[in-house]
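Only this structure's heavy atoms are used, side chains among them; waters, hydrogens and symmetry mates stay out. Being a predicted model, the structure only gives us computed values, none of them experimental.
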Amino acid sequence: MKERIIAVDIARGLAVLGMFVAHLGYAVDGVPSPSWLVVADGRPSSLFAILAGVSIALFTGGRVVPRDEALVRGYLRVATRAIAIFVIGVVLMLLETPVAVILPSYAVTFLLVMPAIAARWQLAAFFAGVVAVAGPTLVAALTVSGDDGESWLLRTLGTDEAFVLDLFVTGHYPALVWAAYMLLGLAIGRLDLRARRVQLTMAVTGLGLLLVGHGGSDLLLSAGAGDSELGYRLVSAEPHMDSTFELLGNSGVALLTLAVLLLLTTTAAIARVARALLYPIAATGAMALTAYSVHIVAIAILGVDVVWYPESNAVLVWFIVVTLVACSLWARFLGRGPLERLMRAVTVGGLPASAPPPGSHAVPGPVAAPGPAPTNPPSAPPAAADRRGEQ
């Protein structure tokens, strides 16, 4: 059975915890306190989206691009997962918390990128670049305010289609833009993530994207390119601006993060220690859908004040600690998370139990981890086997 790449779980866990910080972190006059928490503004959700693309690649063949029957199964798996995620997201939205729930847009983006699972990594990366330029330009042009203070899109369509517009264009996570993140993740997931050359290339590329995104934005803003509303929307790299420059900067952070985690968890001298120390985060990442959903439910129970009027970071710390402990214990003794089990149950297009997964490329020793709990001995309880498989 295909083995999990633990660095992907760790990165996903960091993304989920980062969204906790964005939703529950203490701020003074709109500025996070301590100031370094600003890194959680916009970046964790983009990392989450990129890792979704990586997961799509991994459960549709990994380095092997699916063809024929495998491609049909891949389409079915992506589509049915998207539907399940959409339903879960809508249920969470009905709780009416102050949090912009990412899951419905995330599900729609799954469907937008679904045709690209038949593409090699080079073509998927090209598509990501095209969308990263065209998507923000289109969204900015459609939503920039007119003379009456209202966008052309709303003047033309009205507000009856507000939910659909939010999913694709006007929301916090417009699918027409965020598809670029997922396509980039799809390209990354088609690579040999255990290869040192790939990891180092990802790190260098990530650094380059980070510098171009934020440096290019600063340069253009200083030259006056952001003096108009449309110009500012197109060149600003501020969080949730959904400009090409923000996409480049956030993608650079994500690539650097994943590259560092891959290096830490595949370097023989430090891999065992790194995995043991990062196990709680990996366990959280392995059940990211559950952890994210439960934190929305918890906010609904505690009330909106924990988001709008935190008096300190105490609530945030409790959310993080409880999540890390609960996910670690669940992963250790019960294996797959509850919503992850549901996703597996409703997914159509899986392989027969006796068939090896396409693109399986498990590597023995410290390079590959059998799930979020790589430190378990061979005699671990049966639940440990349930942590193997899809990412």
Side-chain angles (χ1 to χ4, degrees), residues 9 11-27 32 37 40-52 55 81-110 162-163 166-167 170-175 178 181-182 239-240 280-281 283-331 336-344 346:
D9 283 333
R12 196 184 293 113
L14 289 174
V16 171
L17 298 178
M19 285 190 278
F20 287 13
V21 175
H23 300 156
L24 299 161
Y26 178 59
L37 291 181
D41 200 354
R43 296 178 183 88
S45 51
S46 57
L47 174 59
F48 197 52
I50 289 172
L51 293 170
S55 295
R81 286 178 178 224
I83 293 169
I85 290 171
F86 186 85
V87 171
I88 294 170
V90 169
V91 171
L92 294 177
M93 290 180 67
L94 293 175
L95 297 177
E96 297 184 342
T97 66
V99 174
V101 178
I102 193 175
L103 296 182
S105 293
Y106 186 72
V108 170
T109 308
F110 259 55
F163 180 60
D166 274 356
L167 292 177
T170 59
H172 274 77
Y173 312 104
W178 283 62
Y181 289 130
M182 212 169 281
H240 295 294
I281 301 176
T284 301
M287 54 183 77
L289 181 59
T290 296
Y292 176 85
S293 300
V294 170
H295 111 278
I296 299 292
V297 173
I299 289 173
I301 293 171
L302 293 173
V304 299
D305 284 359
V306 297
V307 174
W308 289 128
Y309 308 110
E311 297 180 356
S312 69
N313 284 313
V315 172
L316 169 62
V317 171
W318 274 110
F319 264 71
I320 292 174
V321 171
V322 170
T323 298
L324 292 174
V325 172
C327 289
S328 298
L329 292 175
W330 187 288
R336 196 182 302 273
L339 287 183
E340 286 69 27
R341 291 174 186 268
L342 174 63
M343 289 288 292
R344 184 178 179 88
V346 302

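We find the CG-CG distance between L302 and L24 to be 9.0 Å, quoted to the nearest 0.5 Å. Within the model, atoms NE2 of H23 and NE2 of H295 stand 5.0 Å from one another, a figure rounded to the nearest 0.5 Å. Here C327 contributes atom SG and D9 contributes atom CG; the two are 11.0 Å apart, rounded to the nearest 0.5 Å. Once rounded to the nearest 0.5 Å, the distance linking CZ of R81 with CZ of R344 reads 8.5 Å. Remark: L51 CG to M182 CE distance equals 10.0 Å, nearest 0.5 Å. In this structure, CG on N313 lies 8.5 Å from CD1 on I320, to the nearest 0.5 angstrom.
When all heavy atoms of P280 and L324 are compared, the pair lying nearest together is O-CD2, 3.6 Å. Residue G18 comes nearest to A40 through the heavy atom pair O-CB, 3.5 Å, listed as atom of the first residue, atom of the second, then distance. For the residue pair G25 and P310, the shortest heavy atom distance occurs at O-CG, 3.7 Å. P104 and M93 make their closest contact through CG-SD, 3.5 Å (heavy atoms, listed as atom of the first residue, atom of the second, distance). The minimum heavy-atom distance between F86 and L167, with the atom names listed, is CE1-CD1, 3.9 Å. Of all heavy-atom pairs between Y181 and S46, the closest is CZ-CB, 3.5 Å.
The shortest distance between side-chain heavy atoms of D41 and P32 does not fall below 4.5 Å. In this structure, the side chains of V346 and I83 stay at 4.5 Å or more apart for every pair of heavy atoms. Looking at W330 and T290, their side chains never come closer than 4.5 Å, going by heavy atoms from C-beta outward. The closest side-chain heavy-atom distance from L339 to M287 is not below 4.5 Å. Between V101 and Y292 the shortest side-chain heavy-atom distance falls below 4.5 Å.
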task = Check the pair R12, S55 against side chain to side chain contact (heavy atoms under 4.5 Å, CB included), reporting the backbone distance first and the verdict last.
result = CA-CA 10 Å; R12 196 184 293 113; S55 295; 2.7 Å; yes
task = Go through L289 and M343 one step at a time and tell me if the side chain to side chain contact (heavy atoms under 4.5 Å, CB included) criterion holds.
result = CA-CA 9 Å; L289 181 59; M343 289 288 292; 3.6 Å; yes
inquiry  = Checking I299 against L95 for the side chain to side chain contact (heavy atoms under 4.5 Å, CB included) test, could you report, in this order, the C-alpha distance in whole Å, the side-chain angles of both residues, the deciding distance, and whether it holds?
reply    = CA-CA 9 Å; I299 289 173; L95 297 177; over 6 Å; no
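Between Y106 and the options F48, Y173, W178, a ring-ring contact (aromatic ring centres under 6.0 Å, His included) holds for only F48.
Legend: residues meeting side chain to side chain contact (heavy atoms under 4.5 Å, CB included) with A175, ordered by chain and number and at least two apart, are V108, T109, L112, F168. V317 is linked by a side chain to side chain contact (heavy atoms under 4.5 Å, CB included) to V321, counting only residues two or more places apart in sequence or in another chain.
The main-chain N or O of R336 is found under 3.5 Å from a side-chain atom of R341 such that the two form a donor-acceptor pair. At distances below 3.5 Å, not a single donor-acceptor pair connects side-chain atoms of S105 with backbone N or O atoms of I102. Formation of a donor-acceptor pair under 3.5 Å by the T97 side chain with backbone atoms of A300 is not found in this model.
Atom NE2 of H240 has more than 12 neighbouring heavy atoms from other residues, nucleotides or ligands inside a 6.0 Å radius.
Among residues at least two apart or in separate chains, there is no ring-ring contact (aromatic ring centres under 6.0 Å, His included) pair with a member in residues 296-326.
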